Amino acid sequence: MSHTQDFHDSEFRLLTPAEMGRADTAAIASGIAGTVLMENAGAAVAQAIMSRWPPGRALVACGPGNNGGDGFVIARHLAASGWQVDLALAGERQALRGDAAWHAQQWQGDVSPLPETVPESVDLVVDALFGAGLARPLEGVVARFVESVNAGTAPVCAVDMPSGIDGATGQALGGLAVRADLTVTFFRKKPGHVLLPGRLLCGEVAVVDIGIPAHVLHGLSGASDEAGSVDPGNLVFENDISLWHDGYPWPSMEGHKYHRGHTVVIGGAVMAGAARLTATAAARIGSGLTTLLVSQGSLPLYASTPASIMLQGWQDDAGLHSQLRDPRKSAIAVGPGAGVQRWLEQLVLHVLSLRRVTVLDADALSVFEKTRSAASLSPSDLFRAIEGPCVLTPHEGEFARLFPSLAANGDKLSKTRQAARESGAIVLLKGADTVIAAPDGRAVINTNAPPTLATGGAGDVLTGMIAGLAAQGMPVFEAACAAAWLHGEVARAFGPGLIADDLPAGLPAVLRLIHPASGRQGMRR
Ligand SMILES: NC(=O)C1=CN([C@@H]2O[C@H](COP(=O)(O)OP(=O)(O)OC[C@H]3O[C@@H](n4cnc5c(N)ncnc54)[C@H](O)[C@@H]3O)[C@@H](O)[C@H]2O)[C@H](O)CC1
Ligand SMILES: [K+]
């Protein structure tokens, strides 16, 4: 995200519940009454419901706060549109406060206590129990009601967030949360709508405008400097083409292969396929030159390397170092198939000392595992050596070995951001909700990865895509975001039966779709 592009306003920006509360307050301070915001929210949810389900019997479950207040508004709009509405309240009506109390007074129907089970005849459950204010696991009657909702067959519409999901982390507090078919949220999505399991429990997510002006976003986080550009720190986004499209390294007519960078992939003497996938991916995503560097003795393992990739052997460390010395070798990827051995530790430190773009994956991460033999280096030795543009691409297991204190607790977004701060590198923590975090606090959550990507070698391909983009001059954070998105999009386009070898081959079709000449600002999902 270039500083010139004012990404505060991005529709893909995610707001934490706390930031959302501040947006709410700023909107009210700008003259929009809280009761109007709540009316707009409830009316929008009712509209979303009526556009998906025919009139029937709706059970609107209201909580004790403003999420519940939204529920009173929804109930009124559904009843006015011919729905048979039962409103059930968790808590006492007279305990309602503020906007929620005001809207409860507008509700002319009955208010029943929240039942423990959902009646059979209900056609739709509206979950207006808890949203941004969830503070602890669901308990008592509410917990039993939610279990009944999840065990039932009636479709569910969640208001703002499925009750039980922490909006900041996507975690189901206490392991129990509503499983919704539709979640209608306000103004911007929250991390809980895109991180797992929250994303899965939301069902379809609809973001509705309730009258909060976009300018409130500028005051929420990150300071503006005198130039008016804004500090990217602590902004979180759902990955989208719009975040990195401006800086994508499309080939230009006046360019030539040296303009398009040179990616070096260092292969091991064990699993040649991994490094070959990495190198092929780097070439496919546009690296002008791609070299696969392997020890002399393992050259025969790489005989089937595609012709467009230069295959070179080295006799000894000195030979390897001289191969890397050429500054035109703009990006170096180490790790896939390298084998966890002492040699690799020293190689990684040497590569980092060159301060070229470095992507470390797989064995290049595990070799620094704290608990390996006493002679081995530790993660802090690795982090101390990271002074140039570097991307670490661990899966959960490698992350736990590199950042043992972080892995144990904390949600995926927080721990990945903390790891980026600790290591000084861009950290891409893989998964169905891959998180990419920068040391300055920026973070992007990737949401387009299909389950077919859980196949051997997919990570090797991603490593090559990141290195290949960065070799062409794309800043490493944006390169990691673009690679993660393209990786997911290629897999989605391919469909079932995907193997890692299909990924580089699938890139051209997706790149054609997002190329500026296609006239499309990418593929809106
Ligand atoms: N931000 C906006 O633009 C708008 C938000 N609206 C809605 O307001 C809720 C947030 O409301 P809030 O009162 O802050 O919190 P909740 O209603 O989510 O929670 C109510 C209350 O419940 C208590 N509580 C928390 N966890 C539990 C629990 N596990 N068991 C029992 N009680 C619990 C706690 O005291 C909470 O304060 C937001 O989600 C939107 O739906 C506005 O209506 C529209 C504009
Ligand atoms: K809810």
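One-based numbering, in listed order, for ligands and for the atoms of each. Just so you know, these numbers come straight off a predicted model, no measurement behind them.
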Which atoms of ligand 1 have any heavy atom of G131 under 4.0 Å away? 16 (P), 18 (O), 39 (O)
Heavy-atom contacts under 4.0 Å between N40 and ligand 1: side chain, backbone, both, or neither? neither
Is the closest protein non-hydrogen atom to atom 30 (N) of ligand 1 under 4.0 Å? yes
For F186, the ligand 1 atoms whose distance to one of its heavy atoms is below 4.0 Å: 40 (C), 41 (O)
Can E19 and R188 be counted as an ion pair, charged N to O under 4.0 angstrom? no
A132 N/O under 3.5 Å from ligand 1 N/O: yes
For atom 4 (C) of ligand 1, find the nearest protein heavy atom and state the residue, atom name and distance (0.1 Å precision). D24 OD2, 3.5 Å
I499 and F494, any side-chain heavy atoms less than 4.5 Å apart: no
Test item: side-chain donor near acceptor, T463 and D361, under 3.5 Å: yes
Can you figure out which of A128, S163, G133 has its heavy atom closest to atom 14 (O) of ligand 1? G133
Could you point out which residue of T169, D166, T185, T16 forms a side-chain hydrogen bond (donor to acceptor under 3.5 Å, both in side chains) with K190? T185
When you draw lines from the K ion (ligand 2) to O of F130 and to OD1 of N67, what angle lies between them, to the nearest 10°? 70°
Atoms of ligand 1 under 4.0 Å from any heavy atom of I212, numbered from 1 in the order shown, are 3 (O)
Do H395 and E398 have a side chain donor and acceptor closer than 3.5 Å? yes
Going by the atom numbers of ligand 1, which of them fall below 4.0 Å from some non-hydrogen atom of M38? 43 (O)
For D160, take its heavy atoms, then give the atoms of ligand 1 lying under 4.0 Å from any of them. 38 (C), 39 (O), 40 (C), 41 (O)
One finds that the ligand 1 atoms under 4.0 Å from a non-hydrogen atom of P64 are 22 (O)
Which is closest to atom 8 (O) of ligand 1 in terms of heavy atoms, L129, I32, D70, N66? N66
Vertex the K ion (ligand 2), arms to M161 O and V159 O, rounded to 10°: 70°
Suppose we only allow N, O or S atoms; which atom of D127 ends up nearest to the K ion (ligand 2)? O
N/O/S atom of T183 inside 3.4 Å of the K ion (ligand 2), strictly under: no
Please determine whether salt bridge (charged side-chain N to carboxylate O under 4.0 Å, His left out) holds for the pair D433 and K412, giving the CA-CA distance in whole Å, both sets of side-chain angles, and the decisive distance to 0.1 Å. CA-CA 9 Å; D433 52 352; K412 189 160 185 174; 2.8 Å; yes
Check each heavy atom of F130 against ligand 1 and say whether those closer than 4.0 Å belong to the side chain, the backbone, both or neither. both
Need the ligand 1 atom indices (1-based, order shown) with element for anything under 4.0 Å from a heavy-atom of P137. 29 (N)
Using a 4.0 Å cutoff against the non-hydrogen atoms of A135, which atoms of ligand 1 qualify? 25 (C), 26 (N)
Sidechain-backbone polar pair: R93 side chain, A104 backbone, donor-acceptor under 3.5 Å: yes
For a 4.5 angstrom cut-off between non-hydrogen side-chain atoms, does N446 reach L428? no
Indicate whether any N or O donor in one side chain lies under 3.5 Å from an N or O acceptor in the other, for E489 and N448. yes
Hey, are the side chains of F7 and L235 touching, using non-hydrogen atoms and a 4.5 Å cut-off? yes
